[in-house]
Amino acid sequence: MMSAEWILIAGAREHNLQNITVRIPRDRLTVITGLSGSGKSSLAFDTLFAEGQRRYVESLSALRAAVFGPVAEARRGCD
C-alpha cells in the first residue's frame, strides 16, 4: 500500500529508463546514483518533474477554492 509519504514511479520508460519501478520518499533529500548512461538524469529531470507540476497544479486548485469560495457565498446572500 502506497501512502502520501512516497512518490511512486511505476514502469518508467524515458530515454534510458526501461520499465523501472521505484518508490522515493517525499519531503526528503534523495540521491540517485548509478553508471553513466543508466538514466539518472531522465529519472530526476523528466519523471520527477511531473510530480512537481502535479503539486503546483494542486496548490493552484486550493488557492482558487480559497479565493472563489467566499465570493460565491457573498453572492448568495445578495438578492
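Keep in mind that the numbers below use all heavy atoms, side chains included, and drop hydrogens, waters and symmetry copies.
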- request: Inspect the surroundings of CG in L60 and state if more than 12 heavy atoms from other residues, nucleotides or ligands are less than 6.0 Å away.
  value: yes
message: I need the minimum non-hydrogen distance between R55 and D27, along with the two atoms involved.
response: NH2-OD1, 3.5 Å
task: Give, for atom OG of S59 and atom CZ of R54, the distance between the pair rounded to the nearest 0.5 Å.
output: 10.5 Å
Heavy-atom pair with the smallest gap, counting every atom of A10 and T21: CA-OG1, 3.6 Å
query: Can you name the nearest heavy-atom pair linking L43 to I32, along with the distance?
result: CD2-CD1, 3.8 Å
- prompt: Would you say E58 and S61 make side-chain contact, with heavy atoms under 4.5 Å?
  reply: no
message: Using 0.5 Å steps for rounding, measure from the CG atom of L8 to the CZ atom of R23.
response: 9.0 Å
query: Under 3.5 Å, side chain of K40 to main-chain N/O of T33, donor-acceptor pair present?
result: no
field: Closest non-hydrogen atom pair between P25 and R28, with its separation
entry: CB-CG, 3.9 Å
task: Please report the shortest heavy-atom distance between R26 and I7, naming the atom on each side.
output: CG-CG1, 3.7 Å
